[in-house]
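All figures in this text were calculated on a predicted structure; none of them were measured in a lab.
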Amino acid sequence: MMRWSTSSLRYMASLTPICTDFIPSRRRLLAVALGAALAGCAGVPRREPGDRLAQFRGANRIGWGATRGQLDQIAILGWRNYVEKQLQTSASAPLFAAAQVQIDELPNIRRPALDLVMEFDELRRNQDSSPIEAERIAARQAYQNRMNAVAGEAAHRRLLRVLYADSQLLEHISAFWFNHFNVHQFKHDVRVLLADYEERALRPHALGSFRSILGAVARHPAMLRYLDNDQNANNKINENYARELLELHTLGVDGGYTQRDVQELARVLTGFGVRIQQEPPRLPARLEGQYLRDGLFEFNPARHDYGDKQLLGRTIRGSGAGELDQVLDLLVADPSTARFISRKLAVYFLSDDPPPAVVDRMARAFQATGGDIKATLRPLLLSSEFVSSKPAKFKDPQHYLFSAIRLAFEGQVLQNSQPLTGWLRRMGQGLYDRQSPDGYPSTASAWNSAGQLAVRFEIARQIGGGATAIFRSPVAGAAKPAPVKPDVAQIGQRLAPHLSARTKAALAQADTPQLWLTLLLSSPEFMVR
């Protein structure tokens with residue numbers, strides 16, 4: 001870990017009084033610095049929401065952190081028109097050239113998922129074919145390295161979009177949906193499926209219909225692999241996906257379903273799985289017409305339970321793959337789903353304890369439109385609370401890091417995303433690393449510990465120093481980039497109205513631009529949005 005100088009710690013200590021209850025007294029200086037960023041330990045300044053202040057808060061919440069270009073757009077369009085423009089963004093809109101060209105040159109993630117999985121399946125089967133142990137070990141390592149490289153491409157594309165897309169709402173809510181429909185990259189071959197999962201199941205529907213995204217996820221091999229539904233068959237029931245579909249994806253834990261509903265839904269889901277072989281399975285003639293295949297996804301009628309099911313008080317007649325569509329329609333129409341999804345969106349975008357009236361309006365819009373995501377978001381994004389200083393939302397690690405990079409290096413495109421993925425892992429929120437299906441928590445209590453904030457201060461120091469590694473191409477022999485110098489004068493001018501007198505006083509003591517930016521990124525104001 002990098003060491004802070006005593007003078008730096010004193011600067012940080014001057015930002016705000018410390019909450020001393022849970023931090024060891026033997027590290028007093030660092031403790032005071034940690035206290036500077038703890039939400040609730042010191043009040044972020046309360047201001048009346050003037051136009052520019054309101055626009056800044058709205059920009060910070062609708063996407064991954066306000067930039068000068070984003071604020072200029074909002075000033076020209078006005079908040080309401082800007083929100084509508086963001087809601088209408090196409091998932092196919094390109095980034096500006098310096099970022100888009102990197103995505104276009106990624107060699108693997110634009111390949112069909114079936115081709116990739118077939119290639120890796122062959123590698124997996126052949127990795128132990130050598131009689132020489134050293135060669136077997138090398139083959140296994142090469143297999144893992146290749147899998148990591150494909151997952152790394154997915155991460156690089158995602159980070160480029162997060163940091164440089166004008167369509168900030170789309171990128172912000174796409175990350176919400178990934179977390180909501182979480183898959184863990186190290187389960188089976190999910191690393192190879194990540195890019196396709198984001199590109200085909202999530203982003204195209206992220207601002208469309210909840211019913212559409214639910215159906216796309218239910219048939220995507222990443223989800224079927226992760227929650228073991230590819231093992232779910234008649235007379236060999238696996239309930240994993242059925243349980244999470246009810247508890248985490250739609251109704252919520254208090255949504256009124258029973259264990260019997262889980263069991264019946266698992267029966268509905270029998271036969272939905274993954275097939276690598278190109279040829280279809282051998283089926284009785286009476287079932288051949290019901291077989292479905294789309295890339296890696298298959299519905300195998302020979303593995304399906306064709307009995308009638310009793311689910312949520314309704315009878316689902318045994319008819320094959322269409323049973324799932326009937327169930328998904330029921331789930332989307334259920335008021336518990338409207339309430340659960342609306343509140344979770346409000347927690348993600350606005351507050352750990354969102355105003356009930358806002359959630360009510362969102363849930364009514366969800367129900368009235370059959371789960372239209374744009375209609376559900378409008379009451380939130382256009383509410384007075386969304387651009388108000390209260391309540392402040394403590395940033396999770398992803399929001400903290402992405403907003404710091406967007407602030408410090410606006411217009412300078414990263415070349416190497418590995419330092420960013422490493423920082424996210426150090427903070428405990430790697431892009432695809434959550435093992436459990438509930439996704440990462442987005443509330444302050446999960447992220448405002450002393451250890452978490454100590455890591456943030458170290459990352460702030462690296463960003464304040466220019467974060468040279470992210471602008472250096474990972475290609476061997478690439479030229480070393482010139483040092484990146486954030487425009488701290490412009491940043492300071494833009495953020496001055498949002499900073500407390502205590503923070504301004506601390507920043508005024510910084511004797512270098514690097515220390516000034518480090519202190520800003522460690523301030524209580526920057527820890528919230």
Side-chain angles (χ1 to χ4, degrees), residues 103-129 136 138-158 174 177-178 181-205 213 215-233 238 240-241 244 269-283 291-304 321 324 421 430-435 437:
I103 293 176
D104 293 342
E105 291 177 351
L106 294 172
N108 292 297
I109 61 175
R110 289 181 292 115
R111 294 174 56 193
L114 176 59
D115 292 351
L116 272 177
V117 170
M118 287 176 62
E119 173 190 327
F120 277 91
D121 187 62
E122 183 176 0
L123 289 173
R124 178 187 59 80
R125 287 186 282 108
N126 292 335
Q127 63 184 348
D128 290 329
S129 60
R136 293 196 299 272
R140 291 175 200 145
Q141 187 60 57
Y143 173 75
Q144 294 297 328
N145 291 343
R146 180 96 171 83
M147 293 269 277
N148 290 337
V150 174
E153 289 186 21
H156 190 66
R157 181 178 67 185
R158 182 166 167 184
S174 293
W177 291 125
F178 188 97
F181 297 111
N182 182 56
V183 298
H184 180 229
Q185 66 168 322
F186 295 111
K187 177 74 175 285
H188 206 290
D189 54 2
V190 171
R191 274 173 288 177
V192 183
L193 297 168
L194 290 170
D196 189 77
Y197 184 53
E198 290 184 311
E199 200 70 358
R200 291 208 306 143
L202 302 180
R203 290 184 82 253
H205 311 290
I213 199 170
V217 167
R219 292 171 172 84
H220 197 278
M223 182 59 71
L224 296 170
R225 288 281 209 217
Y226 171 60
L227 289 179
D228 304 314
N229 208 78
D230 57 343
Q231 306 299 314
N232 187 18
N238 187 299
N240 287 358
Y241 181 37
E244 309 310 349
L269 288 164
T270 52
F272 288 85
V274 177
R275 187 173 184 82
I276 298 175
Q277 298 83 358
Q278 291 192 348
E279 68 282 358
R282 294 182 179 180
L283 297 170
Y291 179 77
L292 300 175
R293 180 77 184 265
D294 180 13
L296 285 161
F297 165 77
E298 76 165 3
F299 172 74
N300 185 339
R303 295 168 58 85
H304 183 66
L324 178 58
T421 57
L431 287 181
Y432 309 116
D433 290 355
R434 180 72 168 182
Q435 293 188 32

- Task: For Glu298, check salt bridge (charged side-chain N to carboxylate O under 4.0 Å, His left out) against everything at least two apart and list the hits.
- Result: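 Applying salt bridge (charged side-chain N to carboxylate O under 4.0 Å, His left out) to Glu298 gives none.
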- Item | salt bridge (charged side-chain N to carboxylate O under 4.0 Å, His left out) involving Asp294 - partner list, sequence neighbours excluded |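 Partners of Asp294 by the salt bridge (charged side-chain N to carboxylate O under 4.0 Å, His left out) criterion come out as none, since no residue qualifies.
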Could you give the distance from [atom1] ([X]) to [atom2] ([Y]), rounded to the nearest 0.5 Å?
X: Leu202; Y: His220; atom1: CG; atom2: NE2; value: 8.0 Å
X: Arg111; Y: Leu106; atom1: CZ; atom2: CG; value: 13.0 Å
X: Leu431; Y: His156; atom1: CG; atom2: NE2; value: 12.0 Å
X: Leu193; Y: Tyr226; atom1: CG; atom2: OH; value: 14.0 Å
X: Tyr197; Y: Met223; atom1: OH; atom2: CE; value: 3.5 Å
X: Arg136; Y: Arg140; atom1: CZ; atom2: CZ; value: 6.0 Å

Shortest non-hydrogen contact from [X] to [Y]?
X: Leu292; Y: Ala321; result: CD1-CB, 3.6 Å
X: Leu114; Y: Gly295; result: CD2-O, 4.3 Å
X: Leu296; Y: Pro221; result: CB-CG, 3.9 Å
X: Ala233; Y: Thr270; result: C-CG2, 3.7 Å
X: Val183; Y: Ala222; result: CG1-O, 3.9 Å
X: Asn182; Y: Pro437; result: CB-O, 3.9 Å

- Verdict with reasoning, Gln231 to Asn238, per side chain to side chain donor-acceptor pair (under 3.5 Å): CA-CA 7 Å; Gln231 306 299 314; Asn238 187 299; over 6 Å; no
- Query: In terms of heavy-atom contacts, does CD of Gln278 have more than 12 from other residues, nucleotides or ligands at under 6.0 Å?
  - Reply: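 Result for CD/Gln278: open.
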- Query: Do other residues, nucleotides or ligands put more than 12 heavy atoms under 6.0 Å from Arg125 CZ?
  - Reply: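 Yes.
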- Apply the side-chain hydrogen bond (donor to acceptor under 3.5 Å, both in side chains) test between Arg124 and each candidate in Asp121, Asp128, Asn126; give the one that qualifies.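 Of the listed options, the one satisfying the test is Asp121.
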- Task: Determine, for Asp104 against Arg110, whether the closest basic-nitrogen to carboxylate-oxygen distance falls under 4.0 angstrom.
- Result: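 No.
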- Could you go step by step and tell me if Asn240 and Asp228 meet the side chain to side chain donor-acceptor pair (under 3.5 Å) rule? CA-CA 7 Å; Asn240 287 358; Asp228 304 314; 2.7 Å; yes
- Message: Could you walk me through whether Asn108 and Arg146 satisfy the side-chain contact (heavy atoms from CB on, under 4.5 Å) test, starting with their C-alpha distance in whole Å, then the side-chain angles of each, then the deciding distance to 0.1 Å, before giving a yes or no?
- Response: CA-CA 10 Å; Asn108 292 297; Arg146 180 96 171 83; 3.2 Å; yes
- Anything under 30° is parallel, anything over 60° is perpendicular, the rest tilted; go ahead and classify Phe272 against Phe299.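 Geometry flag for Phe299 against Phe272: tilted rings.
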- Check: Arg275 main-chain N/O paired with Arg293 side-chain donor or acceptor under 3.5 Å: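 Judged by distance alone, yes, a pair lies under 3.5 Å.
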- Please walk me through it: do Asn232 and Tyr241 pass side-chain contact (heavy atoms from CB on, under 4.5 Å)? CA-CA 9 Å; Asn232 187 18; Tyr241 181 37; over 6 Å; no
- Task: Tell me yes or no: between the side chains of Tyr432 and Glu198, is some donor less than 3.5 Å from an acceptor?
- Result: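 Yes.
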- Taking the side chain as C-beta and beyond, is there a heavy-atom pair between Glu153 and Pro107 under 4.5 Å?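 Yes, side chains in contact.
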- Step-by-step side-chain contact (heavy atoms from CB on, under 4.5 Å) determination, Phe297 to Asp230: CA-CA 9 Å; Phe297 165 77; Asp230 57 343; over 6 Å; no
- Item | Cation-pi, Phe120 ring and Arg191 (6.0 angstrom, 45 degrees) |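 Pair Arg191/Phe120 does not count as cation-pi.
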